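Presented below is the structure to which this report refers.
Throughout, a chain's letter reflects where its sequence line sits, starting with A, and its residues are numbered from 1. As the structure is a prediction and not an experimental result, all values here were calculated from the model.
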Amino acid sequence: MTIQEALFTYCLRRGDDNLILSHRLGEWCGHGPQLEEDIALTNRALDLIGQARNYLQYAGQVEGKGRSEDDLAYLRNERQYTNVKLVEQPNGDYAHTMVRSFLFDAWHLPLQQALTRSKDDQLAAIASKAVKEIAYHLKTSGDWMIRFGDGTAESHQRAQRALDDLWTFSGELFATDDVEAVLFAAGIAPDMAAVKSAFDSTVQSVLTEATLKRPMDAYMATGGRQGKHSEHLGFMLAEMQYLQRAYPGAIW
Amino acid sequence: MNSPGLFFVHYLMIINERPTAYPIFANIKTVAMEDLKLEELFQAKVDAELKIEPKDWMPEKYRKTLIRQISQHAHSEVVGMLPEGNWITRAPSLRRKAILLAKVQDEAGHGLYLYSACETLGATREKTVEDLNSGKAKYSSIFNYPTLTWADIGAVGWLVDGAAIMNQVMLCRTSYGPYARAMVRICKEESFHQRQGYEIMSVLAKGTPEQKEMAQDSLNRWWWPSLMMFGPSDANSTNSADSMKWKIKRQSNDELRQTFIDRTVQQAEILGLTIPDAKLKWNEDTKHYEWGDIDWAEFNNVVAGNGPCNKERLVARNKAHDEGAWVREAAMAYAGKQAKRKAA
Amino acid sequence: MSNTNENNWPLWEVFIQSKRGLDHKHVGSLHAADAQMAIENARDVYTRRQEGQSIWVVPAAAISASQPDDAAMLFDPADDKTYRHPTFYIMPEGAKYI
């Protein structure tokens, strides 16, 4: 695998994670638990879609076949999508949505912080912009974890259940393969062990304050990076890609 | 005190509102009180273009009219998120998706500014939202129409936001301070909404034959409901007279509708789309367009709850509110615990 | 659902400083469960277009306001004290830097 090939896949993964999660968060728009919160969640979705666009544009550039961000977003199938399974999980209740974001953010921040030091200038530039956004995401999703965990008996129970349900998807965030290895050797991608240890320490401190229990690291679901997704993704893409598929070649 | 008019009002305020502080005016005061009751003083302020602020005395009907109008306006913003939000997950490009998200989010913000203005009149968010969810309060009937195709997102921006902004620009000068300030903020933000809608329409109109047909179909469906947004014609408008007198409104429904039509016809021509009104015609004498008959029976029907999506909209709002209850409760419970810990 | 009243987030007034060196200006209000959330909500609601660089939030219930009825008593006495303004004074022709 060449560095260029690895870099293309690496950018797709970052783009897909952000795109799919922003799509899920966008489903909340107009349906949030409080008007203020609706606005906050949409800001989060907007940040992620901005990051997705940066990565997909760069992926197209690295690939060199003239594919645009929209070609990559709208004209790839389920098996070609490389996001982790965590982000495609349905919104569920607000606890599921927040726990999903919290796990993602707790991984995303140290990853992007490390990427600011990437030897690939473009990746470093994208990360430098993204870290400010993600720092805020982690702050607010962490705040909600604490509010839920240490709020009412009901919110505690809902948060714990969401955490138990989603924990199995957290392992995939740190999975490494040839793509990671090639880029790590080239100083482009960071050491995932360091990212994992930052994740663990964030999770530890937030869950403690939230009086929530960290689930056991039992079986961890994988497959997203290889395009082996849950059944949810197909429906999401069917909805997302409908116009591009129904009117091939049209400009919007 | 630049003008005699202003001075006069100010002078009356002194003698009427704080008579005891000015004993030498005591005699004048008794005379003045007979002639000019509080309501006249209020009207004098309005006539002198002084803004009315929350703690000022105001006629009960002014307060009620404002609460009704501002809360309806707020509800319209919030319910308006639904037909557009409907297409966020189906937006045809990442750029469009981001724009639509930002736009629908703005509507939430606008609802929020307006609920805030309402609170200054003593109508709490809780109560106002309850009135919406129970079906007691009204909102703009336009949002009871469905967004069936992507072109509808264009038409809503171009026509619905275009019609709304006519009203909103006028309301920047409304007599009630907090309402006017909210509208200034809204108008600033709203300016991209109509443009993004028109841009969508223009891309479709220049696109494939199917896209152009989609745009025309959308214009056909949204044109008349957009004209209805200005409300009943002046002759049949029950709330207009007081609202004009109190300068809550400054232009009549028909005046605003006329300006909207005059502007929009030209915009449709540039797109190469046809306004679905066989009677539409330029009048060289009045320098305005004449237009056909609005189907007020349809309007009344939608207002009465029989529009295509009235039920869905209320169900969606109630669901969000009810399912959010435990979230709001959790946040309060946590805030309470934190406050106690701090105090301890 | 238990008592709805106590589960409603209280109202906060929001003040935004748009640039360093300027005053914090009242921009509106919002609901939040606590001060931290009020700041975060204010960020999301009132600074979406680069309007701010600093936020103050104050519980609306903590604000005391003067009464409009008192306006004359409070503010009119300042009307005839124009000697508080520099333009009140007549300076000799040709005097500089004063």
Give me the atom names and distance for the closest heavy-atom approach of C/V45 to B/Y113.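 Scanning both residues, the minimum pair turns out to be O-OH, 3.4 Å.
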
Between C/W9 and B/V327, which heavy-atom pair has the shortest distance, and what is it?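 Closest heavy-atom pair between C/W9 and B/V327: CZ2-O, 4.4 Å.
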
For B/F192 and C/R49: C-alpha separation, side-chain torsions, deciding distance, then whether side-chain contact (heavy atoms from CB on, under 4.5 Å) applies. CA-CA 12 Å; B/F192 97 80; C/R49 289 174 170 78; 3.3 Å; yes

What part of C/Q36 gets closer than 4.5 Å to chain B, counting heavy atoms only: side chain, backbone, both or neither? neither

Given that the side chain runs from C-beta out, which part of C/A60 has a heavy atom under 4.5 Å from chain B: side chain, backbone, both or neither? neither

What do you reckon, is [atom1] of [X] surrounded by more than 12 foreign heavy atoms closer than 6.0 Å?
X     : atom1 : value
C/R20 : CZ    : no
C/K81 : NZ    : yes
C/I98 : CD1   : no
B/K64 : NZ    : no
C/D80 : CG    : yes
B/E60 : CD    : yes

Best-contacting candidate, B/S116, B/A330, B/A102, against chain C by heavy atom pairs under 4.5 angstrom: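 Between B/S116, B/A330, B/A102, the count favours B/S116.
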
Max heavy-atom pairs within cutoff under 4.5 Å with chain C, candidates B/R185, B/R181, B/K188, goes to B/R185

Drop me the distance from B/M332's CE to C/N7's CG, to the nearest 0.5 angstrom.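 So the CE of B/M332 and the CG of C/N7 are separated by 7.0 Å.
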
If I take atom CD from residue B/E189 and atom CD from residue C/E51, how far apart are they, to the nearest 0.5 angstrom?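 With rounding to 0.5 Å, CD (B/E189) is 6.5 Å from CD (C/E51).
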
Taking the side chain as every heavy atom from C-beta outward, state whether [X] and [Y] have any pair of such atoms under 4.5 Å apart.
X      : Y      : answer
B/E119 : C/L11  : yes
B/K55  : C/S66  : no
C/D44  : B/Q105 : no

